[in-house]
Number of protein chains: 2
Amino acid sequence: MKISVNADYILRAMCELGADKTETPISISKIAENQHIPKKYLEKLFHKLKKAGLVKSILGKNGGYILADIPKNITMKRIFKIAENEVRIHNCVNIKKDKICDLFGDCTFKKFWTDFDNHINFFLDSHTLADFIFADNSKNN
Amino acid sequence: MKISVNADYILRAMCELGADKTETPISISKIAENQHIPKKYLEKLFHKLKKAGLVKSILGKNGGYILADIPKNITMKRIFKIAENEVRIHNCVNIKKDKICDLFGDCTFKKFWTDFDNHINFFLDSHTLADFIFADNSKNN
DNA sequence: CTAAAATATACCAATTTAGTAGGAGTTTGT
DNA sequence: ACAAACTCCTACTAAATTGGTATATTTTAG
């Protein structure tokens with residue numbers, strides 16, 4: 001069970017967008033440099049972020065990205081969904097192979113994997129970008 | 001973030017050992033057949049389980065495996081440690097690269113990853129093999 | 001002696017991870 | 001008008017991991 005580098009990359013990149021007070025977009029180049037993330041790799045991640053509606057892009061010179069929503073509305077769950085190619089906690093043949101699963105309505109294995117999944121998602125849902133950005137310099141949002 | 005098939009395989013295999021009332025060992029062949037797990041693959045998993053001290057082996061004909069401890073002492077965390085080749089939740093350059101990390105004593109990123117790790121481990125520690133075995137047929141242990 | 005069992009070691013195809021490469025399209029400062 | 005600075009898009013790649021196979025050796029019951 002591993003967490004890819006993507007979650008960390010995205011988290012820090014989004015924080016940089018969220019922490020910026022100016023209304024101008026920030027470029028991939030700048031974020032990559034500040035956060036020590038390979039530029040081309042970060043580009044791909046932002047492509048996903050845009051498709052998922054977490055950021056907006058401004059084309060052309062002086063272009064870049066801005067958050068599509070206020071930090072407190074961006075949960076870690078949303079970030080994880082993009083960062084991790086697949087989130088598979090329900091690892092149980094009784095769940096994967098539905099026919100077997102249906103035989104046991106209250107299968108304890110299934111219950112365990114579902115509970116585990118819920119436990120993780122509860123944590124991810126209860127943390128947002130705002131937790132990271134306004135930790136020391138208090139501000140609204 | 002994925003959970004490999006191993007955790008499911010081991011969980012069901014160990015349950016079969018734990019549920020067995022006889023004092024005789026159970027062979028890999030039998031478990032593999034009952035649980036629909038590739039025999040050779042299960043063999044490798046049991047090798048790890050033995051090395052970790054979760055099961056004991058009996059060699060020769062009529063040999064097989066028995067639990068090395070009572071079910072309630074076998075936590076899901078112990079199983080996960082064997083099932084997952086690597087458990088990496090602390091995915092943060094501020095943690096991986098110690099020099100950067102030391103610069104921020106109360107880094108919010110680090111805190112998040114550590115909290116996440118603790119959250120998961122708390123869940124895994126609070127479930128044992130006994131939860132699966134004696135769900136319906138109540139019995140001591 | 002032989003069949004059934006664990007043990008040990010090596011191999012393998014497919015997939016995933018963490019990138020890199022090269023350019024095409026868009027906008028802006030000068 | 002034009003070059004620089006951007007995003008956007010597609011493809012490629014090396015290394016590691018995953019989920020398994022294959023083959024042979026050792027141990028023991030009957």
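Residue numbers start from 1 in every chain, and the chains themselves are labelled A, B, ... in the order their sequence lines are given, proteins ahead of strands.
Close to D/dG20, at under 4.0 Å from its OP1 or OP2, lies a side-chain N or O of B/Y9. Taking only side-chain nitrogens and oxygens, A/Y65 comes nearer than 4.0 Å to OP1 or OP2 of D/dC8.
A/K40 contributes a side-chain N or O that forms a donor-acceptor pair with the base of C/dG23 under 3.5 Å.
Atom NZ in B/K39 sits about 13 Å away from atom P in C/dT7, given to the nearest Å. If you measure from atom CG of B/L42 to atom C1' of C/dA5, you get 14 Å, rounded to the nearest angstrom. One atom, CD of A/E33, and another, C1' of D/dA5, lie 14 Å apart when rounded to the nearest Å. Going from atom CD1 of B/I66 over to atom P of C/dA5 covers 16 Å, rounded to whole Å. As rounded to whole Å, 14 Å separates atom C1' of D/dA15 from atom OH of A/Y41. With rounding to whole Å, B/I31 atom CD1 is found 12 Å from C/dA6 atom C1'. At whole-Å resolution of the value, NE2 in A/H36 and C1' in C/dA18 are 18 Å apart. Distance B/N62 CG to D/dA29 C1': 6 Å, rounded to the nearest Å.
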- Task: Dump the intermediate steps for side chain to side chain contact (heavy atoms under 4.5 Å, CB included) on B/T75 and B/L124, then the final yes or no.
- Result: CA-CA 7 Å; B/T75 64; B/L124 293 176; over 6 Å; no
- Message: Is there a side chain to side chain contact (heavy atoms under 4.5 Å, CB included) between A/I120 and A/F80? Walk through the geometry before answering.
- Response: CA-CA 11 Å; A/I120 288 173; A/F80 258 68; over 6 Å; no
- Going through the checks in order, is the side chain to side chain contact (heavy atoms under 4.5 Å, CB included) test met by A/R12 and A/I37? CA-CA 10 Å; A/R12 287 188 288 130; A/I37 301 169; 4.1 Å; yes
- Query: When you look at B/K30 and B/E33, which way does the salt bridge (Lys or Arg N to Asp or Glu O under 4.0 Å) test go after all the steps?
  - Reply: CA-CA 5 Å; B/K30 201 159 261 178; B/E33 196 189 343; over 6 Å; no
- Task: In sequence, state the C-alpha distance, the side-chain angles, and the governing distance for B/F123 and B/H119, and then conclude on ring-ring contact (aromatic ring centres under 6.0 Å, His included).
- Result: CA-CA 7 Å; B/F123 182 85; B/H119 191 73; 8.5 Å; no
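Residues from residues 43-61 of chain A lying near DNA chain C, meaning a heavy-atom separation below 4.0 Å, are A/K44, A/L59, A/G60, A/K61 in numerical order.
The aromatic rings of B/F112 and A/H127 sit perpendicular, their planes meeting at an angle over 60°, well past the 30° parallel limit.
Nearest heavy-atom pair across A/C15 and A/L129 is SG-CD2, 3.7 Å. Here the closest non-hydrogen pair linking B/K2 and B/E84 is O-OE1, 3.9 Å.
Distance alone, capped at 3.5 Å, is enough to place a donor-acceptor pair between the A/D131 side chain and the A/T128 backbone.
Here the NZ atom belonging to A/K39 is positioned 8.5 Å from the CD1 atom belonging to A/I28, to the nearest 0.5 angstrom.
Residues B/P38 and A/I26 both approach DNA chain D. Their nearest nucleotides, taken by heavy-atom distance, put A/I26 toward the 5′ side.
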- Which dot-bracket string fits DNA chain D when only Watson-Crick or G-U wobble pairs with both atom distances under 3.5 Å count, crossing pairs get [ ], and | stands for a partner on a different strand? ||||||||||||||||||||||||||||||
Nucleotide N/O of nucleotides 13-16 of chain C paired with protein N/O under 3.5 Å:
none

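Follow the hydrophobic side-chain contacts under 4.5 Å out from A/I58 and you never reach A/I31; the two are in separate clusters.
For A/I28, the listed nucleotide lying nearest its side chain is D/dT7; candidates were D/dC8, D/dT7, C/dA18.
Side-chain contact, B/N6 with B/K44: no donor N or O sits under 3.5 Å from an acceptor N or O.
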